Amino acid sequence: MFQFTNIQDYHLQLSSGTTTCVEAVQFYLQAIQASKQLNVFVEVFEQEALATAAQLDAAIKTGQPLGKLHGVVVGLKDVICYKDHQVSASSGMLQNFTSIYSATATQKLLDEGAIIIGRQNCDEFAMGSSNENSAYGHVKNAKDETRVPGGSSGGSAVAVQAGLCMVSLGSDTGGSVRQPADFCGIVGFKPSYGRISRFGLIAYASSFDQIGILANGVEDIALVLEVIAGADVYDSTVSQKEVPAYAQLIKEEPKKYRFAYFKEVLEHDGLDQEIANAIKDNIADLQAAGHTVEPVSFEYLPYVVPTYYILTTAEASSNLSRYDGVKFGYRANIKAHEDLNTLYKKSRSEGFGKEVQRRILLGTFVLSSGYYDAYFTKAQQVRRLLCEKTNEIFSQYDAIISPTVPTTAFKIGEKSNNPVEMYLADIFTVFANLVGVPAISIPLFTHSNGLPFGLQLLSNHFTEPKLLQIANLLMKEKN
Ligand code: GLN
């Protein structure tokens, strides 16, 4: 029977003839079928995945050079475009919308031989922390089906957790890859802002959005990153920096590192005591192993969530103005005597879900004249202070250690009527997006309630090799 542990091992199985790409795809198609109740995939590209797998198997026989991701079965969050396939941001607004191009990241996967198995459920327009804001209904956590998988890349996380694909691509604007990875007990990685092209990623808040990777292990993340990162003529915010050989670099001999942690984070009222203790124990273990771990004060903690929600909703109100019922997606029926404004209003009111509407309204408010300086400008100033603080910390430390989320996965419905409580679940993840540094959540712990939770690591801009190396080291030490 087909068994997946990591890409390297899968490639060994392929080259020794123990398995084939077709066998791998069949295995995942059956697993997806058997886990339908989790509501992970919005659409499965069954025939196409099998056909691609057969071609890839034939290529092995002819001895052609193989791609780095030959036969790797990948799922895409329903915000990442794939030419001639539907993409909807799990929104009523984009039902039946077909993309006319592929995201750069998608194209790079395909160029290296990956097989795209389907698109995955998520919070509408990537807005949410529980995957309950989806036009397709909520996703269930495979560990406990009464609980949320986290969001917004909930489907992408459960797909890896439940063994429905090898790797998923999600998007992380404020934690949407790391938080569901934490809730599902897998690895979730967000690169530096500008490391991966955003071309073909449906925009939520453009100065925060990054494509992220969800996988079982750090080695697979490193290999996929190596493939999808890099300069792109279609995205001027992506860095021209060369792409390091991440998969090779993480194998280098680990060093003794200097870690910082925020006192205010570990003392935070909302932080589950058991999670706090697990992180503290981990800090003690690192110190015992000869690393330096020191507390750093972070007086800005109470401001990160408000700053994040002001800036991202402002950007969202602008980005989502294109969905007007005329150019894209859903169009409401209006009566003959009604005018264009009514068409806009009805299309947007009927096409968008409640959370997206709330954010468009909030974003429009903080940008409106009279309030702009009090909210938007102020939040930009806080963002600047956070960047200065980040530079100061990373001039002295290799990485910051923190919990990923204050609690383990909550019950479906538990927070869906209280947006502010839901927003506070993002308190430890939004910082990395506000300042643009890379961050990863690794599944090191199990709570006494039986649920998994992770440890989050952040490092300086474009120091992914170091971040992945440290993450790999900590994962290995724990096992
Ligand atoms: N939970 C956060 C939000 O709702 C993060 C979303 C994301 O990273 N896409 O904005």
Side-chain angles (χ1 to χ4, degrees), residues 76-80 89-91 120-134 138-139 148-157 168-184 188-191 193 196 198 201-214 270 304-317 319-320 352-363 366 379 383 404-407 409-410 414-416 418-441 456 458:
L76 296 181
K77 179 176 179 180
D78 189 24
V79 289
I80 300 174
S90 293
S91 175
Q120 298 160 330
N121 202 343
C122 60
D123 281 302
E124 184 178 0
F125 283 98
M127 297 177 186
S129 312
S130 66
N131 218 129
E132 291 169 293
N133 306 329
S134 163
H138 59 259
V139 175
V148 303
S152 60
S153 315
S156 308
S168 300
L169 290 195
S171 66
D172 191 312
T173 304
S176 275
V177 162
R178 290 160 287 150
Q179 189 254 17
D182 172 284
F183 280 7
C184 293
F189 164 73
K190 176 200 93 76
Y193 184 79
I196 299 175
R198 289 181 296 110
L201 167 67
I202 293 181
Y204 158 18
S206 309
S207 77
F208 293 74
D209 297 340
Q210 269 296 290
I211 287 178
I213 307 163
L214 301 109
V304 294
V305 169
T307 304
Y308 169 82
Y309 276 93
I310 288 171
L311 295 177
T312 54
T313 56
E315 292 188 24
S317 81
N319 272 328
L320 273 62
F352 288 131
K354 284 285 165 265
E355 181 61 26
V356 173
Q357 292 187 27
R358 181 181 295 123
R359 294 195 190 196
I360 293 173
L361 290 171
L362 183 60
V366 299
R383 192 177 198 184
T404 311
V405 195
T407 64
F410 42 89
E414 190 179 324
K415 295 187 193 221
S416 45
N418 189 338
V420 173
E421 211 183 298
M422 188 74 93
Y423 297 168
L424 282 171
D426 302 330
I427 185 160
F428 305 143
T429 48
V430 293
F431 174 65
N433 306 76
L434 278 159
V435 301
V437 299
I440 189 164
S441 176
Q456 183 181 212
L458 289 75

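Bear in mind the structure is a predicted one, so any value in this text is a computation, not a measurement. Indexing begins at 1, ligand by ligand and atom by atom, following the structure's order.
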Inset, instruction - Please answer whether the main-chain N or O of Ser152 pairs with a side-chain N or O of Ser176 as donor and acceptor at a distance below 3.5 Å. - result: yes
Legend entry - Min heavy-atom dist Tyr309 to ligand 1 below 4.0 Å: yes
Inset, instruction - Just jot down the ligand 1 atoms closer than 4.0 angstrom to any heavy atom of Ala126, in number order. - result: 6 (C), 7 (C), 9 (N)
Legend entry - Sub-4.0 Å heavy-atom approach of Tyr308 to ligand 1: yes
Inset, instruction - Examine ligand 1 and decide if any of its atoms is less than 4.0 Å from a heavy atom belonging to Asp426. - result: yes
Legend entry - Protein heavy-atom partner closest to atom 7 (C) of ligand 1 - residue, atom, separation in Å: Ser176 OG, 2.4 Å
Inset, instruction - Considering non-hydrogen atoms only, spot the tightest contact between Ser130 and Asp123 and give its length. - result: N-OD2, 3.5 Å
Legend entry - N or O contact, Gly128 vs ligand 1, cut-off under 3.5 Å: yes
Legend entry - ligand 1 contact on Tyr204 by region, counting heavy-atom pairs under 4.0 Å: side chain
Inset, instruction - Could you check Lys190, Arg178, Arg198 and say which one makes a salt bridge (Lys or Arg N to Asp or Glu O under 4.0 Å) with Asp172? - result: Arg178
Inset, instruction - Just do the side-chain contact (heavy atoms from CB on, under 4.5 Å) check on Tyr308 and Phe208 with the steps written out, would you? - result: CA-CA 9 Å; Tyr308 169 82; Phe208 293 74; 3.9 Å; yes
Inset, instruction - List every atom of ligand 1 that sits less than 4.0 Å from any heavy atom of Asp172, numbering the atoms from 1 in the order shown and giving each element. - result: 8 (O)
Legend entry - Nearest option to atom 4 (O) of ligand 1, as decided by whichever heavy atom of Arg359, Met422, Glu355 sits closest: Arg359
Inset, instruction - Report, in ascending order of atom number, the atoms of ligand 1 lying under 4.0 Å from any heavy atom of Gly174. - result: 5 (C), 7 (C), 8 (O)
Legend entry - For ligand 1, the portion of Ser152 having any non-hydrogen atom under 4.0 Å away: side chain
Inset, instruction - Would you name the heavy atoms of Ile427 and Val430 that are closest together and state the gap between them? - result: O-CG2, 4.2 Å
Inset, instruction - Mark yes or no for whether Asp209, through its side chain, and Thr173, through its backbone, hold a donor-acceptor pair below 3.5 Å. - result: no
Inset, instruction - Cation-pi check, Arg358 to Tyr423: give yes when NZ or CZ is under 6.0 Å from the six-membered ring centre and within 45° of the ring axis, no otherwise. - result: no
Inset, instruction - Would you please test Asp78 and Gln120 for side-chain contact (heavy atoms from CB on, under 4.5 Å) and show each step? - result: CA-CA 5 Å; Asp78 189 24; Gln120 298 160 330; 5.9 Å; no
